[in-house]
Colleague: 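Pasting a structure here, questions to come.
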There are 2 protein chains.
Amino acid sequence: MDTTQRTDQERSADRRRRELLEAADRVVLRDGPGASMNAIAAEAGITKPILYRHFGDKGGLYAALAKRHTDALLDSLRAALDAPAERRERVEQTLDTYLTAIEARPQVYRFLMHPAEGGHQGEGFDVGKHSAPLLRRMGEELAQVIEERLDLGPDGERLARVWGHGIVGMMHAAGDWWLGERPCSRRELVRSLADLLWGRLAAAGDKVGGPGF
Amino acid sequence: MDTTQRTDQERSADRRRRELLEAADRVVLRDGPGASMNAIAAEAGITKPILYRHFGDKGGLYAALAKRHTDALLDSLRAALDAPAERRERVEQTLDTYLTAIEARPQVYRFLMHPAEGGHQGEGFDVGKHSAPLLRRMGEELAQVIEERLDLGPDGERLARVWGHGIVGMMHAAGDWWLGERPCSRRELVRSLADLLWGRLAAAGDKVGGPGF
DNA sequence: AGACTGCTGTTACCTTAGGTAACACGTTAG
DNA sequence: CTAACGTGTTACCTAAGGTAACAGCAGTCT
């Protein structure tokens with residue numbers, strides 16, 4: 001076996017893998033995250049054991065699927081984060097990019113974040129092991145950007161990481177709630193969150209008559 | 001059938017229900033969230049159909065279990081939120097209360113938030129349908145407090161809700177990350193998050209030499 | 001007393017779904 | 001021609017959620 005050569009077989013296997021992932025994607029987007037391995041195999045026009053040969057187990061398939069979408073989302077976010085603009089503008093752009101993404105493909109979003117929901121009755125893919133990674137990766141990524149660019153004093157690295165994860169969590173929770181209830185426009189949500197990050201909570205006055213918060 | 005009277009049967013049924021919930025609690029805390037209905041029934045010294053008679057299905061059992069813990073946590077948070085102190089102190093107290101709770105009983109926390117993780121191989125309880133409720137309830141609760149006490153202008157209600165969910169998400173994500181990596185003390189985490197909420201992100205200076213964030 | 005009702009509990013079963021073993025066919029190398 | 005390998009299949013195992021049907025026992029009604 002020559003290890004250096006890219007044989008036809010290897011290329012064909014890669015292509016097959018991509019095809020299978022695309023089929024899985026279609027099924028997951030159609031049937032929700034509870035899609036069964038059988039259904040995915042059927043959509044791909046083959047049978048279960050082949051899926052297992054390619055991805056090991058359901059978690060492997062999930063991981064491969066999640067990686068594609070996660071990478072794509074992270075690329076968009078990096079672009080927004082790196083855009084040439086002042087800080088507030090950049091923050092708003094990043095929030096908007098995230099929200100636009102989850103708004104445009106809620107099925108993908110729900111798959112990545114709440115995999116067990118849409119299923120008809122079974123459990124489906126497991127979130128726990130995989131939704132965290134997405135949030136974590138976003139958090140670490142943001143932390144790195146913050147740490148690189150902001151002067152936060154001696155404790156900067158720790159602060160940056162806390163803030164990275166905190167801001168990502170804020171974005172995520174607010175986005176999740178917003179996607180479910182649609183209580184306002186995306187623009188309004190972005191501005192409200194940026195306002196929060198800009199200290200408006202601390203600056204707001206007490207309501208007349210009530211005890212100060 | 002007398003509807004007004006609390007019969008022995010009803011009290012006994014309630015007691016039974018509590019016993020079952022406590023057994024379920026023990027199993028979930030021991031085996032992780034992947035605990036099977038069989039295992040729970042065995043721990044309670046009975047068999048499956050009884051569990052199903054009491055809770056309908058696994059989701060019902062989960063919901064009952066989650067409600068207990070969620071209510072308890074919300075009570076603690078309300079107390080911290082209502083304490084007589086100034087705003088920053090109160091915010092820090094609330095964050096600290098939450099973090100203390102998840103630190104003290106990580107198993108419970110993981111059950112509520114990432115149910116599918118600890119399981120040996122199966123899927124276990126589903127998160128999607130139930131972890132959201134906890135976050136949502138906390139978010140709505142906080143929103144209400146914010147809206148009651150802060151003067152946020154004409155758009156106050158919307159702002160309060162966005163902030164409620166956003167802050168809860170921030171707390172959650174940061175807490176989850178912190179619980180996993182323990183990168184700093186609880187006190188430091190609380191201060192860092194409060195600083196973030198107090199606008200220190202916006203106020204920080206650019207790092208010398210780098211492009212401004 | 002004896003039958004009826006209702007609750008508690010059981011055993012034994014169904015179904016779905018993840019995962020695997022064993023086998024069949026076609027292609028290519030020696 | 002045959003041996004090896006990749007690709008695909010069928011048929012199965014197991015674990016788990018969920019349910020039907022039946023057994024025993026307390027109180028109640030005639």
Side-chain angles (χ1 to χ4, degrees), chain A residues 1-2 5-20 23-24 27-28 31-63 65 115-116 118-126 129-130, chain B residues 1-3 5-20 23-24 27-28 31-65 115-116 118-126 129-130:
Chain A
M1 296 293 180
D2 192 353
Q5 196 166 9
R6 279 278 159 280
T7 69
D8 284 356
Q9 291 174 13
E10 279 171 318
R11 292 199 309 127
S12 143
D14 277 10
R15 201 155 39 87
R16 201 88 181 100
R17 187 188 169 90
R18 262 195 301 278
E19 287 172 11
L20 296 184
V27 175
V28 166
D31 294 358
S36 78
M37 293 298 266
N38 260 326
I40 293 173
E43 168 73 26
I46 44 114
T47 51
K48 272 197 299 179
I50 300 185
L51 277 184
Y52 284 96
R53 281 221 266 268
H54 274 276
F55 300 104
D57 64 357
K58 195 168 187 171
L61 209 192
Y62 174 97
L65 218 48
H120 302 82
Q121 58 174 10
E123 285 297 330
F125 293 106
D126 52 350
K129 289 207 214 53
H130 303 291
Chain B
M1 302 279 187
D2 192 354
T3 59
Q5 197 165 7
R6 277 278 159 279
T7 69
D8 284 354
Q9 291 174 14
E10 280 172 314
R11 291 201 309 126
S12 144
D14 277 9
R15 200 157 38 86
R16 201 86 184 103
R17 187 189 169 89
R18 262 195 302 278
E19 287 172 12
L20 297 184
V27 175
V28 166
D31 295 357
S36 78
M37 294 297 267
N38 259 326
I40 293 173
E43 167 75 26
I46 45 114
T47 51
K48 272 196 300 179
I50 301 183
L51 277 185
Y52 284 96
R53 279 221 267 269
H54 275 274
F55 301 102
D57 63 358
K58 194 168 189 173
L61 208 192
Y62 174 96
L65 217 47
H120 302 80
Q121 58 173 10
E123 284 298 330
F125 292 107
D126 53 350
K129 291 207 209 54
H130 304 289

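We name chains A, B, ... by the order of the sequence lines, and we start the count at 1 in each one. Bear in mind the structure is a predicted one, so any value in this text is a computation, not a measurement.
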Colleague: Figure out the CD1/C1' separation between A/I46 and D/dT7, and round it to whole Å.
Modeller: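 After rounding, the gap between these two atoms is 10 Å.
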Colleague: Testing the basics here: between B/L51 and B/A41, what is the closest heavy-atom pair and its distance to 0.1 Å?
Modeller: CD1-N, 3.7 Å
Colleague: List in numerical order all residues of residues 47-56 of chain B for which some heavy atom is under 4.0 Å away from an atom belonging to DNA chain C.
Modeller: B/T47, B/P49, B/I50, B/R53
Colleague: What is the distance, to the nearest angstrom, from the CD1 atom on A/I40 to the C1' atom on C/dA17?
Modeller: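 Rounding to the nearest Å, CD1 of A/I40 and C1' of C/dA17 are 12 Å apart.
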Colleague: Return the CG to NZ distance between B/L65 and B/K58, rounded to the nearest 0.5 Å.
Modeller: 11.5 Å
Colleague: Nearest 0.5 Å, please: how far is CG in A/D31 from OG in A/S36?
Modeller: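 Here the interatomic distance stands at 8.0 Å.
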Colleague: With rounding to the nearest 0.5 Å, note down the distance linking CD1 in A/I50 to CD1 in A/I40.
Modeller: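 Going from the CD1 atom of A/I50 to the CD1 atom of A/I40 covers 14.0 Å.
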Colleague: Could you report the tightest heavy-atom contact between B/V27 and B/A39, atom names first, then the distance?
Modeller: CG2-O, 4.0 Å
Colleague: Among D/dG8, D/dG17, C/dG18, which nucleotide has an atom closest to any side-chain atom of A/K58?
Modeller: C/dG18
Colleague: Can you pull out how bent the helix from C/dA1-D/dT30 to C/dG30-D/dC1 is, comparing the axes over its first five and last five pairs, to 10°?
Modeller: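 What I find for the helix from C/dA1-D/dT30 to C/dG30-D/dC1 is an axis angle of 30°.
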Colleague: Taking CG from A/L20 and C1' from D/dG8, how many angstroms apart are they, rounded to a whole number?
Modeller: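 Going from A/L20 (CG) to D/dG8 (C1'), I get 12 Å.
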Colleague: Can you tell me the distance, in whole Å, between the CE atom of B/M37 and the P atom of D/dT19?
Modeller: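 One finds 10 Å between P of D/dT19 and CE of B/M37, rounded.
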Colleague: Could you tell me the separation between the CG atom of B/N38 and the P atom of D/dA15, rounded to a whole number of Å?
Modeller: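 Rounded to the whole Å, the gap is 11 Å.
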Colleague: In whole angstrom, give the distance that lies between atom CD of A/E19 and atom P of D/dT7.
Modeller: 12 Å
Colleague: Is any side-chain heavy atom of B/H54 closer than 4.5 Å to a side-chain heavy atom of B/I46?
Modeller: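 Answer no - side chains too far apart.
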Colleague: Without decimals, in angstroms, what is the distance between A/Y62 OH and C/dA17 P?
Modeller: 19 Å
Colleague: Do B/L61 and B/L20 have side chains that approach each other closer than 4.5 Å (heavy atoms only, starting at C-beta)?
Modeller: no
